[in-house]
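These numbers were taken from a predicted model, which means no experiment stands behind them. Chain letters run A, B, ... following the sequence lines, proteins first, then strands; residues in each count from 1. Values below: every heavy atom of this structure, side chains too, minus hydrogens, waters and symmetry copies.
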2 protein chains.
Amino acid sequence: MEELANRQAYHHGDLRSALIETGLHLLKTKAHGDIGLREVARETGVSATAVYRHFPDKDALMRALALAGYEKLFDAQEAAAAAKSSREESFRATGQAYVHFAVANPALFGVMTKYMSDAPGEEARARAAQARPGVSLRENIASLLPDGASKRAQDVVAIQAMALVHGLAQLVLGGQIPNDPDLINAAVDQFGNWRRVQD
Amino acid sequence: MEELANRQAYHHGDLRSALIETGLHLLKTKAHGDIGLREVARETGVSATAVYRHFPDKDALMRALALAGYEKLFDAQEAAAAAKSSREESFRATGQAYVHFAVANPALFGVMTKYMSDAPGEEARARAAQARPGVSLRENIASLLPDGASKRAQDVVAIQAMALVHGLAQLVLGGQIPNDPDLINAAVDQFGNWRRVQD
DNA sequence: ATTGCTGAGTTAACAGTGTCAACATAACGA
DNA sequence: TCGTTATGTTGACACTGTTAACTCAGCAAT
């Protein structure tokens, strides 16, 4: 029986990975709305309480999914920036990649923002992964500033860049601004323009 | 008995208002996390199913709360902008008011973004109220553009302004950037600077 | 090899949720 | 005064996250 085989497989410890995998799969097809602990357990072909052998509670499972999402997002940003040569083009690519990732994976992005926010005693790896997309933007934008720019100026510009792409993503997902790639890209691009003339 | 008096009062039709009121009260004290239909009914001193005489389902109740929130936000923006004289100062004030409102009412703001997004067949009043804060920003920012600015340029700048303030709010609430009013205000202010030099 | 322990899964149950159906009753117009 | 209708009620259903008690595979040590 394949069930027996699966159960034996899970017994070696890859149930945790399997849960995350089906979780990501569910989020890919959901588009909107939350995902349930029982739902992912059921879809994995395992009892609901089996989840608790690998995660202390639902939040922990969702944070693991969020972590996987942030890693995917970071990969997408790197891939987008790799093709570009200039620093400015790299910044634009990473920013646009952020928004496009959110639009392409709305449910996953929702989980990322909902469960990764303010992670209290999370492991260092998780916090690092979450911060990476922001750091990515931060480095690219900092390289565009004048050499003598103050740390304060760098902070402000970095925060603006993060807020711009995060806000764009959220507004498009919320339907408050149309999902028009040209418009989105223009909004990101002109931020780069701004930086060049700024103080 | 006050209970009897309340029930009689509700019978005249102000239960709907009462539910919204206690809902807003609950959101004020919650800080984080969702609110429940049964919870607000219980707190109002009424049975859970009574809610269904005034709202078709939980989503409708939450959208009503979101609507009330948007109206409050708009009032806060107007109050902040009223004191200012120049258009540029008005824009800054409305933008900062947006972020500060979100930080001051995190749970309510969460409901606004979660339930007001993509309202399908909502009444015109609701959509209008939701759009008002954005319109507020839009008008203020448009007035800063050169007279001959294309509609496209206006759209892009308006979207950037909305994304900036919305993103700032979300990032502060998520703990991804520190809740430092000076930093936030600086981020909003320098967006105004940018506009002035832009093409 | 048997024994016993531990890790990883199971079922059963509990509190809580949103929602529906059936019932009660207050308020008002004929 | 008497229905009718709007506005409440209780009871139930399916679902959720979570806990407790149980089963049992697989490995370590005698």
NE2 of A:H166 to CG of B:L164, rounded to nearest 0.5 Å, is 12.5 Å

The salt bridge (charged side-chain N to carboxylate O under 4.0 Å, His left out) partners of A:K28 (sequence neighbours excluded) come to none

I need the CG-P distance between A:D59 and D:dT16, as an integer number of Å. 17 Å

Do any of residues 50-58 of chain B sit with a heavy atom less than 4.0 Å from DNA chain D, and if so which? B:A50, B:R53, B:H54

Listed partners of B:R87 passing side-chain contact (heavy atoms from CB on, under 4.5 Å), at least two apart: B:S143, B:L144

Rounded to whole Å, CD1 of B:I35 lies from C1' of C:dT17 at a distance of 14 Å

Axis-to-axis angle for the helix from C:dA1-D:dT30 to C:dA30-D:dT1, ends of five pairs each, to 10°, equals 10°

Please give, in whole Å, the distance from D:dT16 P to A:E39 CD? 7 Å

All pairs passing salt bridge (charged side-chain N to carboxylate O under 4.0 Å, His left out) where residues 69-86 of chain B contributes a residue, at least two apart: B:E71-B:R125

Contacts of A:A48 and B:T49 projected onto DNA chain D by closest heavy atom; the upstream (5') one is B:T49

Nearest to side-chain heavy atoms of A:R38, which nucleotide of C:dG9, D:dG17, C:dT19: D:dG17

Nearest-Å distance for atom pair CG/P, residues B:D34 and C:dG18: 9 Å

The side-chain contact (heavy atoms from CB on, under 4.5 Å) partners of A:S85 (sequence neighbours excluded) come to A:E89

Distance, rounded to the nearest Å, where B:L15 contributes CG and D:dG8 contributes C1': 9 Å

Show me the pairs that pass side chain to side chain donor-acceptor pair (under 3.5 Å) and involve residues 39-52 of chain A, at least two apart or across chains. A:T22-A:T44, A:K30-A:E39, A:S47-A:T49

Just the rounded figure in Å: distance from C1' of D:dC15 to CG of B:L37. 15 Å

Taking side-chain contact (heavy atoms from CB on, under 4.5 Å) as the test, write out the residues that go with B:E21, two or more places apart. none

All salt bridge (charged side-chain N to carboxylate O under 4.0 Å, His left out) counterparts of A:R138, not counting sequence neighbours: A:D155

Whole-Å distance separating the CZ atom of B:R16 from the P atom of D:dA6: 16 Å

Plane angle bin for B:F109 and B:Y98 - parallel if under 30°, tilted between 30 and 60°, otherwise perpendicular: perpendicular

